[in-house]
**Q** 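Would you mind keeping the following structure in view while I ask a few things?
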Amino acid sequence: MKILKLPKEKLDLFASVVQQFGELHAPVEQDGRYVFKRLTRWSDARLEYDRTILPPKKYFLPPREALFRYRPGEGFVPNTDGLDQRIILFGVHACDVYAINILDRVFAGKYKDPYYQARRKNIAIIGIDCLPDKQCFCRSMRADFVDHGFDLFFYDTGDYYQALVGTALGDDMVLATGNLFEPVDAAEIDDYKRRSWNKRRAFQVDVEIRDLPEIFEMEYQSEIWDELGEKCLSCGSCSMVCPTCYCYDVADDVELGSRAGKRTRLWDSCLFASHALVGSGENFRGSRSSRIKYRFYHKQRGFVAEYGRPSCVGCGRCVSACPVHIDVVQVIDRLRRVEDVASR
Amino acid sequence: MSKPTVGIFGLTGCAGDQLVILNCEDQLLDLVSLIDIRDFLMASSENNQDCQLDLALVEGAVLSNRDAETLRAIRKRSKLLVALGTCAVWGGVAAMNRGADRDADRDALLEEVYGDIGRGYDSTPAQALHEVVPVDFNITGCPIEKEHFLAAVASLLNGDLPLYPEYPVCTECRMRENNCLLIERGLLCCGPITVGGCDARCPDLRVPCVGCRGPAGDANAGSLVAVMEEMGFSRPQLAARLRTFAPGGVA
Amino acid sequence: MSTIVIEHLARVEGHGGITVELQGDTVGDVRFDVFEGARLLEPLLKGKRYDEVAPIVSRICSICSAAHTLTSLKATEDAFGIRVSPQTDLLRELLLRGESIESHALHIFLLAVPDYLNYPSAIALAADKPAAVLLGLRLKKLGNLMQETIGGRAVHPVNPVVGGFGKTPSLDQLIELRSGLMQASADSDAVIDLMAALPAADFCRSETYYAALRSPNVDSYYSGDEVMVVSAGNRAIVPAADYRSLTNEKAVAHSHAKHSTFRGNPFMVGSLARLTVNPRRLTGKLAVAMKRLKLTLPADNPMDNNKAQALELINDVERSLEIIEQLLREGVKDERAMPAKPRAGTGTAIVEAPRGLLIHCYTYDEEGRIVSADVITPTALNAASMEQHFRRAVEQCPERDEAVIARRLGMIARAYDPCISCSVHLVRKR
Amino acid sequence: MLLADEVSSHHPVLSDNPYQPHMARIVRIYKMVENNHLFTLRFLEDHLAHSFRHQPGQFIMLSIPGAGEMPISISSSPSRPEVLELCVRRVGRVTNALYRLRTNDVVGVRGPYGNGYPMQEIIGNDLLLAAGGLGMAPLRSLLWYALDHRDKFNNITLMYGAKRPEDMLFREELTALVDRTDINCLLTVDADPSATWKNHIGRLPSLFDHAKIDPMRTYAAVCGPPVVYKFILQRLLELSFPKNHILMSLERRMKCGIGKCGHCGIGYKYTCLQGPIFTYWDAINLPEMI
Ligand SMILES: Cc1cc2nc3c(=O)[nH]c(=O)nc-3n(C[C@H](O)[C@H](O)[C@H](O)COP(=O)(O)OP(=O)(O)OC[C@H]3O[C@@H](n4cnc5c(N)ncnc54)[C@H](O)[C@@H]3O)c2cc1C
Ligand code: SF4
Ligand code: SF4
Ligand code: SF4
């Protein structure tokens with residue numbers, strides 16, 4: 001991997017050059033929170049942000065997306081609107097890049113999702129390193145660093161950004177800037193290490209995920225699930241804001257007065273009562289507690305069986321989006337806690 | 001295939017859902033060419049008040065014996081009866097105090113407002129349509145969303161029942177990437193227990209949801225109230241707020 | 001004795017009917033019956049917090065929902081002593097104009113024009129004269145777009161809140177509105193052409209009292225807190241807080257709407273009243289149009305209200321354009337609503353709804369909860385005047401033909417553009 | 001005019017779109033049981049009709065334009081190609097829309113999906129098919145596959161139960177098997193008010209009394225409503241069946257059929273990818289399986 005550095009004062013210049021590769025999107029402030037948005041001017045970008053309300057997944061798997069248009073006589077014609085739009089996402093945190101890498105695996109495999117993949121191909125990612133706040137636990141989830149999935153990744157090492165070049169496109173971006181980027185020397189390598197060390201110590205939240213799948217199995221009947229079930233509002237907020245929740249629903253509609261129509265997919269959540277309801281009226285997860293259990297179980301245990309790691313990246317979004325303060329970290333802590341059997 | 005016969009009716013309400021139909025400016029002429037509107041008092045002075053209807057769209061709540069009779073007559077002549085709007089589906093604002101002592105004494109209330117004459121008025125506590133006659137399906141909202149109405153007609157013309165979201169306003173609010181008013185600003189937002197479909201219209205404008213669409217299918221009002229009490233709201237205040245549009249919806 | 005009954009008025013919002021009793025040639029009892037169910041919204045407001053009030057009273061009526069919302073906010077702001085920003089005032093005015101455009105377009109094109117041309121509905125009219133209906137729909141859509149842009153929804157606005165707005169519309173949104181308004185401005189000749197070509201409706205002459213909001217410097221629907229009553233050259237001013245001297249409502253047995261008189265005389269509110277009270281606006285384009293419509297003020301024919309609506313429609317468009325230009329010139333800021341500090345007291349507000357004066361008066365306790373609420377709507381204010389005009393029309397009808405009389409009464413009723421669900425409002429007896 | 005498939009195959013981005021339904025014509029609708037019709041489909045494009053191959057136990061995603069898409073098991077055997085037979089029960093929105101269609105109307109099909117029965121393992125062994133009610137739909141494919149490749153299997157036993165004779169799916173076809181010697185076809189009904197039924201009367205598990213089963217060399221394919229699973233499994237376990245010789249077909253909500261939409265997850269498996277055929281061992285190791 002190519003590693004270079006960019007003097008901080010040249011970042012603006014870099015941003016203006018890089019626009020030739022696509023529409024620039026970055027976190028901007030919205031009443032004190034942040035959202036990824038198309039930039040109207042570079043000065044709107046907020047690269048030192050905590051977390052965006054929605055993760056970058058909205059670019060790859062939009063909340064609502066027409067998959068097909070249907071016309072009698074023509075059948076289902078794929079909708080390709082917006083699929084080849086070139087976008088540069090500037091300022092994606094490591095955990096979010098990690099999450100995209102996870103989605104990549106879900107939408108690949110034997111049946112590749114061409115909509116996701118087309119967007120993924122056309123959206124460049126320039127990552128940026130960050131410092132954890134009190135809700136971040138990406139380090140525990142092993143997602144505080146990424147080594148692929150981005151085109152460029154910037155580390156703030158003081159006067160410079162140290163830049164990891166991840167792809168040929170990233171390299172093209174570097175080259176397009178002429179000689180803005182410089183090689184790194186030993187001093188910067190030390191700066192990087194120092195920063196890495198500081199970041200590690202800055203985490204305030206820590207959870208242990210080793211052998212968590214086993215503990216989940218053992219605690220499958222735990223009363224924690226009933227308690228959570230009583231609290232959970234089934235509002236779906238956690239799933240919407242999660243960078244790795246990808247459940248979707250599909251619905252067909254017709255146009256007024258014709259048999260033509262379209263097929264749309266839209267974000268769904270396993271916390272909704274309809275999620276596991278089938279035509280016969282049977283609901284495999286009818287109770288709210290079984291649903292919230294499923295969410296945790298699938299992220300922290302099911303995904304491990306399938307893909308070798310939990311799908312949670314520890315971004316902390318669901319913790320801050322839950323109106324009734326359901327907190328993954330606390331739930332995992334409680335599941336891990338050793339309790340005196342006699343007091344149960 | 002002959003066009004389905006349709007009647008559009010208003011019981012007691014603000015006529016907002018009928019107005020939404022008239023607000024489909026771009027589709028109105030298509031609409032009237034696809035369906036045979038036989039009875040629509042708000043828009044036409046030539047109405048057939050007896051014919052059989054394939055579809056009756058009824059807005060408003062039942063607030064008088066006269067309303068109840070009208071509704072029964074509509075039910076009798078219609079194959080499908082659709083409740084249009086929160087008043088028809090849940091009772092709406094007129095029903096907010098239902099069950100409370102004050103509302104029970106209707107005559108006293110009428111007198112309070114109209115004086116002695118009030119006692120003679122034909123007036124009953126507000127009821128949703130389904131409390132009086134069987135209803136085939138609901139299009140909720142105060143008022144209904146235009147798109148839902150058009151989609152419903154399109155589906156019905158195709159022979160399908162329409163599909164509506166059952167998830168709460170929060171889901172769409174999050175999809176639109178709004179700052180959460182409840183969590184971040186401590187405002188009393190009914191989004192978590194109100195059924196979605198409005199695309200989180202109010203929170204998107206930084207105005208808390210007042211629950212105008214009625215409760216979500218799986219509303220967990222108890223848990224929301226508990227959290228809001230921790231935030232410093234009083235239980236009666238919360239109960240009153242949550243019942244503004246749908247007294248029967250949340251306990 | 002015979003009785004003429006219009007069971008259920010069509011093409012009006014809500015449920016009402018007309019009954020006329022004739023003894024030979026003399027006209028006995030004339031009644032405008034409202035049998036809209038009583039929702040008793042005012043007593044239901046008791047105990048509600050100030051921020052819950054507007055969304056509830058908005059539901060009094062859909063066609064006037066923006067006016068109800070804004071009157072309510074204004075009354076609450078009056079009670080708490082909140083002064084909103086000038087930008088808020090402008091945007092609220094714009095919202096009201098949007099509602100007025102929608103309401104007038106709906107009334108003129110979908111309800112009144114078919115009436116004059118003897119069609120049962122706009123749907124029937126559309127088959128023969130699609131251009132007229134399409135013109136109406138286009139204007140109506142613009143009015144709705146304005147309400148959606150500023151109010152957040154075409155019916156029952158959600159964006160206006162105590163102290164201002166949830167969110168200020170963006171520059172792009174205002175620019176979009178401007179292009180719609182410019183197109184509508186180009187349509188105004190067509191509106192006048194259509195109205196001027198309608199057959200005359202001259203079957204009810206009567207000296208009439210008119211009441212409307214007197215605006216301080218511009219012809220505003222929203223600002224101002226005095227009502228002026230005009231009759232045959234006499235003018236009287238009623239300050240908002242004294243609104244009861246204007247309304248002195250009394251409940252009547254046959255109707256769920258209450259009747260109002262000023263010094264014993266019924267009076268008319270609405271478009272015709274507004275033009276009569278504020279003739280200042282009738283210059284330029286409007287003066288020409290007024291001539292073409294053969295309208296003179298003060299008018300003695302209630303049917304002229306339709307002409308006045310057409311003039312207002314044009315004026316609404318022009319005025320909205322001015323407001324948008326001003327906003328664009330001065331720049332729109334994404335303001336937050338003024339903070340509300342509840343205090344005990346009473347607040348009164350008067351606004352011009354599309355159908356005329358709308359009055360809200362609230363008394364709050366120190367925690368900002370409603371102690372009592374009083375809502376007086378234009379249709380209720382008009383009820384006595386309407387009955388008077390019904391009577392005149394019957395008296396002035398040479399033949400005693402039921403069908404003719406019924407048709408004329410229906411037309412007068414519709415010319416008033418009554419909004420019956422509005423009229424059923426409930427006030428505590430004093 | 002280009003067909004949708006061609007359009008998609010020409011689009012540079014969506015050339016290989018697994019969500020693309022391929023249009024098929026309804027060639028026959030046969031009312032087997034009230035609200036359980038058998039639909040025979042043939043792809044509009046001949047090359048698809050020729051090349052479509054599936055495993056017994058697999059399913060397709062069936063689109064009714066305008067109404068939606070749903071998973072339906074393939075009831076016909078791969079040994080009888082060119083058409084697809086689907087046995088669909090009318091339960092809701094999409095199935096209702098299908099029931100409105102007539103022969104020659106067009107629907108969308110994509111697939112086949114799911115694992116299907118593990119034919120490599122089963123071949124050479126005895127086969128027991130046990131179904132109740134609508135459970136016959138996925139088993140029928142396996143049944144005819146086995147009968148058409150009779151030499152590859154040892155003893156074949158079919159146990160099928162319905163409430164009444166008129167509720168029995170594929171009734172004519174199955175009663176015709178009763179006299180065949182290369183299969184032990186046991187059919188039973190709970191009751192026979194019409195008194196015309198010539199086969200067994202009684203609950204499905206009672207058929208075990210008429211079958212000779214060697215658990216160690218038999219694969220049992222079971223399908224039906226939950227009660228059927230409950231009682232059949234009980235009998236099979238009493239017979240000490242190896243847990244991975246019991247094959248069950250499960251139903252879950254599905255929106256994609258290809259492991260993306262998340263609806264059919266059970267524990268850590270997806271019914272559409274790792275199922276819908278699961279062994280009993282999987283079942284007891286996955287929470288909420290049945
Ligand atoms: C692998 C598999 C094979 C199946 N094989 C058959 C078969 O051969 N014959 C048959 O009649 N039925 C079969 N089903 C069940 C069939 O898919 C449902 O009955 C059907 O989806 C109901 O759709 P609906 O729109 O009529 O019902 P509604 O209840 O209106 O369903 C609405 C939506 O929910 C989803 N849904 C509802 N029920 C189910 C369900 N059981 N499974 C998956 N999604 C569901 C669908 O996406 C549907 O569009 C099978 C299901 C699965 C999972
Ligand atoms: S589960 Fe929560 S913390 Fe984990 S990735 Fe999803 S939103 Fe972030
Ligand atoms: S603002 Fe209201 S609707 Fe939106 S997420 Fe928060 S609680 Fe839900
Ligand atoms: S956000 Fe709430 S109050 Fe606003 S429109 Fe939606 S349901 Fe109604």
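Please read these numbers as outputs of a predicted model, since none were measured by experiment. Below, chains carry the letters A, B, ... as their sequence lines are ordered, and counting in each starts from 1.
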**Q** Just to verify, which of C:Leu111, C:Leu137, C:Leu106, C:Asn144 counts as forming a side-chain contact (heavy atoms from CB on, under 4.5 Å) with B:Leu22?
**A** C:Leu106
**Q** To the nearest 0.5 Å, tell me how far B:Glu145 CD sits from C:Arg153 CZ.
**A**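 One finds 6.5 Å between CD of B:Glu145 and CZ of C:Arg153.
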**Q** How many angstroms lie between CZ in C:Arg59 and OG1 in B:Thr244, if you round to the nearest 0.5 Å?
**A** 10.0 Å
**Q** Measuring from C:Ser121:OG to B:Ile37:CD1, what's the distance to the nearest 0.5 Å?
**A**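 Answer for the OG-CD1 pair, C:Ser121 versus B:Ile37, is 8.5 Å.
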**Q** Just wondering, do C:Leu145 and B:Glu25 contact through their side chains at under 4.5 Å, heavy atoms?
**A** no
**Q** Between C:Ser62 and B:Cys14, is there a donor-acceptor pair closer than 3.5 Å when you use the side chain of the first and the backbone of the second?
**A**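 Yes, because the side chain of C:Ser62 sits within donor-acceptor range (under 3.5 Å) of the backbone of B:Cys14.
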**Q** Are any non-hydrogen side-chain atoms of B:Arg241 and C:Lys48 less than 4.5 angstrom apart?
**A** no
**Q** Check salt bridge (charged side-chain N to carboxylate O under 4.0 Å, His left out) between B:Glu59 and all other residues, then give those that pass, not counting sequence neighbours.
**A**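 For B:Glu59, no residue satisfies salt bridge (charged side-chain N to carboxylate O under 4.0 Å, His left out) once neighbours in sequence are set aside.
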**Q** Are the side chains of C:Asp334 and B:Arg206 in touch, meaning some heavy atoms are under 4.5 Å apart?
**A**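 Yes, their side chains come closer than 4.5 Å.
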**Q** Please classify the contact of C:Arg138 with chain B as side chain, backbone, both or neither, using a heavy-atom distance under 4.5 Å.
**A**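 Contact with chain B: none, neither part.
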**Q** Which answer fits B:Leu188, side chain, backbone, both or neither, if we ask what part of it has an atom under 4.5 Å from a heavy atom of chain C?
**A**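 Interface part for B:Leu188: neither.
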**Q** If I measure from the heavy atoms of chain C, does B:Asp26 come under 4.5 Å with its side chain, its backbone, both, or neither?
**A**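 B:Asp26 touches chain C through side-chain heavy atoms alone.
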**Q** Return all side-chain donor-acceptor pairs below 3.5 angstrom for residues 154-161 of chain C, not counting sequence neighbours, or 'none' if the list is empty.
**A**
| residue | atom | partner | partner atom | Å |
| --- | --- | --- | --- | --- |
| C:His156 | ND1 | C:Ser58 | O | 3.3 |
| C:His156 | ND1 | C:Ser58 | OG | 2.7 |
| C:Asn159 | OD1 | C:Gly166 | N | 3.0 |
| C:Asn159 | OD1 | C:Lys167 | N | 2.9 |
| C:Asn159 | ND2 | C:Ile150 | O | 3.1 |
| C:Asn159 | ND2 | C:Lys167 | O | 2.7 |

**Q** Within the distance-only criterion (no hydrogens, no angle test), does the side chain of C:Lys141 pair as donor or acceptor with the backbone N or O of B:Asn23 below 3.5 angstrom?
**A** no
**Q** Quick check for you: to the nearest 0.5 Å, what is the distance between C:Ile56 atom CD1 and B:Cys212 atom SG?
**A** 12.0 Å
**Q** For B:Cys142, which atoms come within 4.5 Å of any heavy atom of chain C: side chain, backbone, both, or neither?
**A** both
**Q** Is B:Leu29 close to chain C through its backbone or its side chain, or both, or neither, when contacts mean heavy atoms under 4.5 Å?
**A**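 Just its side chain gets close to chain C.
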